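As the structure lists them, so they are numbered: ligands from 1, and atoms in each ligand from 1. No experiment lies behind these values; they were computed from the predicted model shown.
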Amino acid sequence: MKQRMRKMWYRRRVTGVGAVIGLVACFFLMNWWMLSRIPDSGLRLKYKFVRGNSSKILVPEEKGKLVEGKRPQKTIYERLLALAAHALAEGQKKPEPKELWEEPFVPDSSWRPCSDQRNWEPNEGNSGYILVSANGGINQQRVAVCNAVAVARLLNATLVVPKFLYSSVWRDVSDIYQEEHFINYLKPDVRIVKQLPKELQSLDLEAIGSVVTDADIMKEAKPCFYLKNILTILHLNRVVHFVGFGNRLASDPIPFELQRLRCRCNFHALQFVPKIQETGALLLQRMRQNATNSRPLDHYLVGPFAKSKMKRKRGRAVKASRYLALHLRFEIDMAAHSLCDFGGGEEERKELEAYREIHFPALTHLKKTTKLPSPEVLRSEGLCPLMPQETVLMLAALGFNRRTRIFLAGANIYGGQSRLAALTNLYSNVFTKENLLSSSEIEPFRNFSSQLAALDFIGCTAADAFAMTDSGSQLSSLVSGYRIYYGGGKMPTIRPNKRRLAGIFLKNNTIEWKVFEGRVRKAVRQTKRVFSRPVGRIVYRFPRCTECMCFTE
Ligand SMILES: *[C@@H]1O[C@H](CO)[C@@H](O)[C@H](O)[C@H]1NC(C)=O
Ligand SMILES: *[C@@H]1O[C@H](CO)[C@@H](O)[C@H](O)[C@H]1NC(C)=O
Ligand SMILES: *[C@@H]1O[C@H](CO)[C@@H](O)[C@H](O)[C@H]1NC(C)=O
Ligand SMILES: *[C@@H]1O[C@H](CO)[C@@H](O)[C@H](O)[C@H]1NC(C)=O
């Protein structure tokens with residue numbers, strides 16, 4: 001049976017080659033179009049996925065107009081950092097720019113969350129059972145869970161509570177999210193059970209052809225794919241097991257109510273377990289220096305702990321303490337994958353090459369056999385992750401004063417303390433979850449990277465401003481979606497257009513601070529605006545669309 005299914009798909013795939021070529025061309029045009037519409041295109045557009053014999057190879061996309069860039073000189077950054085230090089020292093007395101902590105364009109506030117509204121009947125879920133074993137980090141898994149919920153509803157199937165892969169151990173959703181809430185909240189949409197029924201548990205799913213891996217489903221598959229192929233398996237075997245399930249459901253076209261269900265799942269049905277909520281609330285309290293004003297959004301992140309903390313402090317009003325969250329995501333995998341040069345000389349180049357050979361063999365192979373854009377070109381095109389030096393220069397140029405409280409998510413900065421020093425030299429109030437929490441408070445989480453990542457998620461999402469310097473990561477993308485959904489237009493996300501920043505950094509190495517500041521502010525202001533969801537973009541990142549939010553005059 002399995003053989004037959006495989007063959008069936010295979011044949012479709014082969015006869016579809018012509019169509020695929022056409023699609024790729026379309027995709028290209030689409031990318032170009034989106035690039036011109038959304039200034040910050042991010043990693044997502046940086047690579048297109050090309051199907052090799054079996055594995056996926058990442059091919060940096062050729063751009064229409066490649067500008068031969070100049071090598072980033074260390075001295076440019078050093079010079080600018082010195083200017084920034086001077087400007088920040090001077091700036092102590094000056095007020096911060098007015099729009100620094102705000103989202104521009106006020107009408108945005110009239111979008112409000114409404115994906116909790118349903119307009120359909122409950123579903124029996126009697127066409128079969130869907131199992132999901134999601135891999136990737138906690139944020140990829142979150143996307144996989146909500147996509148699985150939508151697929152289950154689409155196929156009238158029953159969903160078995162998804163499993164997560166953590167460092168080669170399968171664990172339950174209940175390590176991170178409140179399982180009962182998940183099941184009950186979505187009861188009117190999909191039937192969710194904790195386990196497969198007894199009679200199906202003993203089946204060898206692999207042998208009967210019910211295991212469907214990411215190699216069997218194209219990325220962003222359309223609903224018709226599931227209706228054609230997966231429903232057939234469900235009818236034959238009563239059960240399908242998705243393994244991996246990374247980004248396997250398209251953003252468009254999706255029926256309205258199904259799209260709304262994805263939003264409902266992401267923004268309403270997944271709540272962190274009390275243990276994470278409690279510690280998350282502690283983290284927020286410390287970032288805000290015991291300030292009494294909680295954000296409306298806190299409730300969705302830390303549940304009852306948002307309130308109880310506040311109650312205890314009643315009567316002792318503490319002045320609001322704002323903070324900025326920053327996710328640098330300048331980690332070795334990102335650095336190696338980007339093929340960029342970060343000014344660390346021969347040693348760094350070798351180190352990144354060695355990392356690529358082990359972790360991205362397809363990329364190494366491609367690099368040897370194809371002429372890829374040079375690191376200089378990649379940089380001038382804004383395709384390199386921002387280095388901590390560049391990020392801190394951007395923050396200083398925007399006008400964040402040196403006392404600004406900064407929450408730094410993740411912390412494995414490539415190049416370690418020496419690269420981070422640029423940040424801590426200019427800003428003295430930089431915190432991470434590790435230094436906000438005592439060792440006994442963080443101990444219960446230490447062995448669980450996903451739970452630690454959940455704390456970062458809370459720290460970033462609740463921040464008064466969030467700087468998303470890595471438009472590619474799933475954390476930043478979910479965090480900014482959450483801020484749009486619950487933020488009422490008052491929780492700005494700073495998304496620099498890296499291409500423009502690269503232009504500012506590289507063009508002029510005699511630039512004066514005032515000029516630099518003006519250009520950076522202008523570049524960032526343009527991307528701070530929150531757009532409605534562009535076609536083809538994911539609702540978890542761009543919830544401002546009629547499926548997820550309602551517009552009131
Ligand atoms: C699911 O159920 C609905 C209502 O009972 C029905 O209209 C629809 O065709 C079913 N879809 C599938 C894929 O079975
Ligand atoms: C916040 O409250 C805790 C406990 O009540 C106290 O130890 C700490 O000093 C307070 N911090 C600030 C900045 O007020
Ligand atoms: C974490 O792992 C270490 C070593 O494997 C173990 O000794 C410790 O008890 C674990 N801590 C928790 C909270 O599970
Ligand atoms: C560099 O910037 C300065 C002002 O900061 C300007 O006078 C000069 O003309 C610029 N040079 C180039 C090559 O753009």
*Got more than 12 heavy atoms from elsewhere within 6.0 Å of CD, Gln201?*
yes
*Salt bridge flag under 4.0 Å for residues Asp214 and Arg248*: yes
*Answer yes or no: does an N/O atom from Gln289 fall short of 3.5 Å to an N/O atom of ligand 2?*
no
*Could you tell me whether Glu199 atom CD has more than 12 heavy atoms of other residues or ligands within 6.0 Å of it?*
yes
_Test of understanding: with ring-ring contact (aromatic ring centres under 6.0 Å, His included), list the residues that count as partners of Tyr177, not counting sequence neighbours._
Phe272
*Could you name the protein residues that come within less than 4.0 Å of ligand 1, counting only heavy atoms, and order them by chain and residue number?*
Leu154, Asn156, Leu227, Leu231
*With distance as the sole test, does Asp252 use its side chain to make a donor-acceptor pair with the main-chain N or O of Val535 at under 3.5 Å?*
no
*CD/Glu121: more than 12 non-hydrogen atoms of other groups inside 6.0 Å*: no
